[in-house]
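The analysis underlying the following values was restricted to heavy atoms, covering all of them including side chains, and did not include hydrogens, waters or symmetry mates.
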Amino acid sequence: MRGVRGGHWRRIASQVGRSVTVWAVSTLTMLVLAGILPDFQLQSADGDSATRIAVTAALGAGAFGILSAVVWPLLVRLLLLVPALVLGLLVFFLNGSLLLVALRINPSGSSEAAPETAVIVAAVMSAVASATGAALAVRDDDAYRRRLYRLADRRRSSHPPCPATPGTVLVQLDGVGHDVLADAVRKGLMPTVARWTGAADGRPPTHRLTPWRTDWSSQTGASQLGILHGSTFDVPAFRWYEKDSHEVMVCNRPTSAAELQRRAVERTRDGGLLSVDGASRGNLFSGGAGEQALVLSIATRRRGRENRSRAGYFAYFSDPANAVRTALSFAAEAGREIGQSTRARTRGQRPRVKRGGLYPFVRAFATVVERDVVVAAVMGDLLAGRTAVYADLVAYDEVAHHSGPRSRDTEKVLQRLDRCLALIEKVAEHAPRPYRIVVLSDHGQSPGETFHARYGLTLGDLVRAGSGLPVPRRAERTLPQALGFARPGETPTGAEARAAVRAALRRPVEERGERHRPAGRHSEPIVLASGNLGLVSFPDVPHRMTKEEIDARHPALLTTLANHPGIGFLLVRSERHGGLVLGANGAEIPLDRLDTHPGPLACFGPGAADAVRRTHSFPHTADIMVNSWYDPATGEVLAFEEQIGSHGGLGGAQAKPFLLSPLALSAPADDGQEPAGAEQVHRVLRRWLREENGPQVPLTPRAEEERAA
């Protein structure tokens, strides 16, 4: 008993000592800033003694520290009502306001600062205080643990002690392909991963690196839904049109994410991978977790105990030092993006897409704010002893879309992600139970210029031309070349271009003054893009159209698309063959013959035929599924969106993500094999959670039978 009391008083003395040290450093910082900044005064106009100035600084620093500890968390909780980007921009203003209040209530009455100067002083003092507190706390395990608890705002006092069995934390590096990760390890960009895989310092490996193969829809919506909820059924792309509801589904739209999660739970009859004492952080879907933060599928619900989607922001920004540090990093990242895009433009870098407008701030949010908040939430989960944690870090995916999957920009992002993994590993050492760290990705990215940049028209323009609908004038001159009716470099006049295209598409010659009019308001097709996967739907036809119906309605459309040099293959429904893959030069391969006669699918590698057949079985597959051209020699595809690093279809590295798992866990698949599809990855993760007396994800007997089948 005496020893317990002694330890208690030692901890109190240690904490008081650190607080005094931080206060002293803050006082010194305030004195230095008062000497540098002309609008920041710690003495009266008549002058004061050095002692009085020091006392004024000490009182001001103390008042600012108390206000930051007491008032700041309340302000952040109120500001959860504003968007996250606005919250980040308000950080400096609020911190400066607290300093002005601290100076106003200073008993000496001789300190003052201009509002803009107060912002600078508050930011510097918060950063210095945070660095000092961290440096002192690292040397004390108990203090380090308490600081991380406060960082993530996790309180488990009402919960029973966590079990001694290992927990599992799964960190998703969004968009990082298997080959990209392996190359980053070889280049020394990711020393933590290199140490785990035994590629550094000759140490024995602790993890194994395994590739896996995505479905045709190689994007986060399908993959993460399959990983967390065990079903990718009826998710044909990142965005698609559903004829029965007349709505466009978009995986990163809150209402769509909620509906997709509901459908998956209904199909699998279980809550998800994280149903037992789980936490979901920064994901599109909850995985059935009881603890959720920054989860898109619950973002549309009324806020309550069951909806803590934005609680992660409060957990992180309740510490003013974190808020200042993240805000400064946010501004630096936005400036870095502006500099990098300007340099790429002045050098004439190709391929290149536009990176102006709000994109620098979107990138900064994904690579700084989202990363910091999610990592802080994961640290809190580890220290709280949660059984299963799944977190998504989207930084690489966002940058690779605009800079390219193997650019210098993305290499910098990979280095920062590796530091996040090292921090999570460090925190796991202080957790109340052992943890197994699994790192995985949901898809890769394939490089290549955009379809529009290469051919001067969009997929929508090509579909309109093939359907006999007018196309924008910007696309008219490029259509003859795109359709193979003009030699490269030949530029016909506008009249010649229109005449050639109309003849090629079997449209009557347009008389002077005559304008083509669509048959009806609903006759125009809906064309959507998901990376290098395109979807064409005819909204006025309630069912999925057959090839025969499309040919009768638009005789030149399928031929136009299949023969275009930027398109790899089409998938359509046939009255005679069921499913049919169309390629150039009249190639028509029934789905049941793809294994022996792959036709245009031959260059897309193993698994392509199975992926196409499975997508054909979905109720909401588009009337025409369009996969872009793919070059196996370079790994390049042509994105139908404005992205030079893309994913969403078949072709190249986008379909080859990775699993990095501890050797203590069973192998993901048999030797020489790799998991095929996100649903199989879900089954692997479920098995790992059950190993070593881990959690049992509840399933009904019927669901178990369906999974086995």
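Between Val248 and Tyr241, the shortest heavy-atom distance links the atoms CG2-CD1, 4.0 Å. The two residues Leu296 and Cys251 come nearest to each other via the heavy atoms CD2-O, 4.0 Å. A pairwise comparison of heavy atoms in Ser280 and Ser286 identifies CB-O, 3.2 Å as the closest pair. Minimum interatomic distance between Asp381 and Ala279 (heavy atoms only, all atoms of both residues): OD2-CB, 3.4 Å. The shortest heavy-atom contact between Gly635 and Pro447 is O-CD, 3.5 Å. Residues Val684 and Pro668 approach most closely at CG2-O, 3.5 Å, considering heavy atoms.
His229 NE2 to Glu679 CD: the interatomic distance, rounded to the nearest 0.5 Å, is 13.0 Å. Here Ser329 contributes atom OG and Arg416 contributes atom CZ; the two are 9.0 Å apart, rounded to the nearest 0.5 Å. In this structure, CD on Gln219 lies 10.0 Å from CG on Asp174, to the nearest 0.5 angstrom. Distance CD/Glu641 to CG/Leu533: 10.0 Å, rounded to 0.5 Å. Taking CG of Leu173 as the start and CG of Asp442 as the end, the distance is 9.5 Å to the nearest 0.5 Å. A distance of 10.5 Å separates CE of Met625 from CH2 of Trp240, quoted to the nearest 0.5 Å.
Taking the six-membered ring where the residue is Trp, Phe361 and Phe330 present parallel rings, their angle staying beneath 30° rather than reaching 60°. Under the 30°/60° scheme for interplanar angles, the aromatic rings of His207 and Trp196 are found to lie parallel. Below 30°, between 30° and 60°, or above 60°: for His647 and His443 the angle between ring planes is below 30°, a parallel geometry.
Judged by distance alone, the side chain of Gln654 and the main-chain N or O of Gly648 form a donor-acceptor pair under 3.5 Å. The main-chain N or O of Ala676 is found under 3.5 Å from a side-chain atom of Gln680 such that the two form a donor-acceptor pair. Tyr396 contributes a side-chain N or O that, together with a main-chain N or O of Pro405, makes up a donor-acceptor pair within less than 3.5 Å. For Thr346 (side chain) and Arg343 (main-chain N/O), a donor-acceptor pair under 3.5 Å exists by modelled atom type. Side-chain N or O atoms of Arg239 include one that pairs as donor or acceptor with a backbone N or O of Ala529 at under 3.5 Å. Not a single donor-acceptor pair under 3.5 Å links the side chain of Asn627 to the backbone N or O of Leu570. Of the possible donor and acceptor atoms, none in the side chain of Ser297 sits under 3.5 Å from a partner among the backbone N and O of Ala258. Between the side chain of Asp372 and the main chain of Val369, no donor-acceptor pair closer than 3.5 Å is present. With hydrogens and angles ignored, the 3.5 Å screen pairs a side-chain donor or acceptor of Ser530 with a backbone N or O of Phe238. Judged by distance alone, the side chain of Ser218 and the main-chain N or O of Gly649 form a donor-acceptor pair under 3.5 Å.
With a 4.5 Å cut-off on side-chain heavy atoms, Val193 and Val439 do not count as touching. Here the side chains of Thr615 and Ser217 are not in contact, with every heavy-atom distance at 4.5 Å or above. Proximity of His178 to Leu209: side-chain heavy atoms (C-beta onward) are separated by under 4.5 Å at one or more points. At a threshold of 4.5 Å between non-hydrogen side-chain atoms, the residues Thr232 and Arg614 count as touching. Side-chain contact between His401 and Gln445 is present, with at least one heavy-atom pair separated by less than 4.5 Å. Ser666 places a side-chain heavy atom less than 4.5 Å from the side chain of Trp688. Residues Arg686 and His682 form a side-chain contact, since some pair of their non-hydrogen atoms from C-beta on lies under 4.5 Å apart. At a threshold of 4.5 Å between non-hydrogen side-chain atoms, the residues Arg213 and Lys656 do not count as touching.
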When you look at Phe640 and Thr450, which way does the side-chain contact (heavy atoms from CB on, under 4.5 Å) test go after all the steps?
CA-CA 6 Å; Phe640 297 126; Thr450 67; over 6 Å; no
Test ring pair (Phe, Tyr, Trp, His ring centres under 6.0 Å) on Phe569 and Trp216; report intermediate values, then the result.
CA-CA 13 Å; Phe569 67 91; Trp216 188 358; 5.5 Å; yes
For the pair Leu535 and Val527, evaluate side-chain contact (heavy atoms from CB on, under 4.5 Å) and give the outcome as yes or no after the intermediate values.
CA-CA 6 Å; Leu535 296 90; Val527 182; over 6 Å; no
Under the criterion side-chain contact (heavy atoms from CB on, under 4.5 Å), I'd like the reasoning laid out for Phe658 against Val180: C-alpha separation, chi angles, the key distance, then a yes or no.
CA-CA 10 Å; Phe658 71 88; Val180 167; over 6 Å; no
Walk me through whether Cys603 and Tyr630 qualify under side-chain contact (heavy atoms from CB on, under 4.5 Å).
CA-CA 8 Å; Cys603 66; Tyr630 164 59; 4.2 Å; yes
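For the side chain to side chain contact (heavy atoms under 4.5 Å, CB included) with Glu642, the qualifying choice from His402, Lys354, His452 is His452, the only one to do so. Of the residues Val399, Asp397, Asp418, the one that meets the side chain to side chain contact (heavy atoms under 4.5 Å, CB included) test with Val413 is Val399.
A donor atom on one side chain and an acceptor atom on the other are not found under 3.5 Å apart for Asn532 and Ser446. Side-chain contact, Tyr390 with Gln172: a donor N or O sits under 3.5 Å from an acceptor N or O. Residues Ser341 and Arg352 have side chains that never bring a donor and an acceptor to within less than 3.5 angstrom of each other. Checked by atom type, the side-chain pair Arg436/Thr168 shows a donor-acceptor distance below 3.5 Å.
Heavy-atom neighbours of Arg687 CZ from other residues, nucleotides or ligands within 6.0 Å: above the threshold of 12.
A salt bridge does not link Arg350 to Glu449: none of the charged nitrogens lies less than 4.0 Å from a carboxylate oxygen. A salt bridge does not link Arg281 to Asp392: none of the charged nitrogens lies less than 4.0 Å from a carboxylate oxygen. The pair Glu411-Lys187 meets the salt-bridge criterion, with a side-chain N (NZ, NE, NH1 or NH2) lying under 4.0 Å from an Asp/Glu carboxylate O. Between Arg363 and Glu398 no salt bridge is recorded (no basic side-chain N to carboxylate O distance below 4.0 Å).
A ring-centre distance under 6.0 Å is found for Tyr455 and His564.
In terms of the side chain to side chain contact (heavy atoms under 4.5 Å, CB included) criterion, residue partners of Ala184 (sequence neighbours excluded) are, by chain and number, Leu189, Met190, Leu414. In this structure Asp631 satisfies the side chain to side chain contact (heavy atoms under 4.5 Å, CB included) test together with Trp629, Ala633, Thr634, sequence neighbours excluded. In terms of the side chain to side chain contact (heavy atoms under 4.5 Å, CB included) criterion, residue partners of Ser407 (sequence neighbours excluded) are, by chain and number, Ser403, Asp409, Thr410.
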